[in-house]
Structures are given as C-alpha cells and as structure tokens.
Amino acid sequence: MTCSAQDFAADVAKDGIPAEEAVPLAGLFTEILDGRNAFLTNDLAQALDRKPTDFSAYAARAAATGVWNAPAGVLL
C-alpha cells in the first residue's frame with residue numbers, strides 16, 4: 001500500500017502531529033522509500049576489512065552477556 005506525502009502528513013495530523021513536524025517527516029519517508037536504498041553494497045565490509053557480523057548473531061551474543069537485563073526492581 002502506498003500513499004502520497006500529502007496523504008501521509010494529513011493522516012499523522014489526525015493523530016495530533018503538528019504540520020510543522022508532519023510535512024518534514026513525510027519528506028523524509030519519501031526520500032527513504034524512493035528506491036535509492038533498494039540494493040546492498042559491500043561498503044561496510046570494505047571499511048571493516050572483513051565480512052560484517054549478522055545482526056542476529058550480534059544480538060544473541062550481547063543478550064547472552066546479560067547486558068540488556070534490567071536490574072531488579074527497574075522497569076524498562
């Protein structure tokens with residue numbers, strides 16, 4: 001499903017987002033979703049001089065350390 005930037009801005013305005021925020025947000029989404037990011041590059045591998053780690057592997061390793069566990073009595 002697609003909608004125009006104007007339709008998007010009007011829809012989020014119904015949710016209470018002011019026009020001065022909705023219009024730039026709509027423009028941002030227009031640029032992000034215009035297809036320029038529809039392909040992958042190997043730029044990160046070149047910068048790291050190695051194959052990048054899959055995010056799910058990173059997240060599993062980090063979770064196993066307990067770094068994301070909240071201390072007792074703390075609500076996140």
Side-chain angles (χ1 to χ4, degrees):
M1 182 173 166
T2 61
C3 69
S4 69
Q6 294 82 10
D7 289 343
F8 175 83
D11 188 55
V12 296
K14 293 177 190 174
D15 294 327
I17 305 297
E20 60 269 11
E21 294 176 19
V23 172
L25 188 59
L28 175 65
F29 285 134
T30 298
E31 288 188 22
I32 290 171
L33 300 174
D34 70 358
R36 72 179 81 188
N37 299 310
F39 60 92
L40 299 175
T41 69
N42 66 348
D43 293 348
L44 183 58
Q46 289 177 350
L48 296 173
D49 198 29
R50 64 173 173 80
K51 183 179 176 184
T53 302
D54 179 78
F55 182 77
S56 62
Y58 157 76
R61 278 196 321 272
T65 70
V67 70
W68 293 327
N69 296 344
V74 175
L75 297 177
L76 298 178

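Note that the structure is a prediction, hence the values are computed from the model and not measured. Keep in mind that the numbers below use all heavy atoms, side chains included, and drop hydrogens, waters and symmetry copies.
Within 6.0 Å of atom CG in Leu48, more than 12 heavy atoms from other residues, nucleotides or ligands are found, so the atom counts as buried in its surroundings.
There is a path of hydrophobic side-chain contacts, each under 4.5 Å, that joins Ile17 to Ile32. Both Phe55 and Trp68 are part of a single hydrophobic cluster, where members link through side-chain heavy atoms under 4.5 Å apart. No chain of hydrophobic side-chain contacts below 4.5 Å, direct or via other Ile, Leu, Val, Met, Phe, Trp or Tyr residues, connects Val23 to Leu28.
The minimum heavy-atom distance linking Cys3 with Asp7 is given by the pair CB-CB, 4.1 Å. Across all non-hydrogen atoms, the minimal contact from Pro52 to Ala45 is CD-CB, 3.9 Å. Across all non-hydrogen atoms, the minimal contact from Ala22 to Ala9 is CB-O, 3.9 Å. For the residue pair Glu31 and Arg36, the shortest heavy atom distance occurs at O-NE, 3.4 Å.
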| task | Apply side chain to side chain contact (heavy atoms under 4.5 Å, CB included) to Thr30 and Phe8, showing your working. | result | CA-CA 10 Å; Thr30 298; Phe8 175 83; over 6 Å; no

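The CG atom of Leu44 sits 12.0 Å away from the NZ atom of Lys51 when rounded to the nearest 0.5 Å.
For Asp54 (side chain) and Ser56 (main-chain N/O), a donor-acceptor pair under 3.5 Å exists by modelled atom type.
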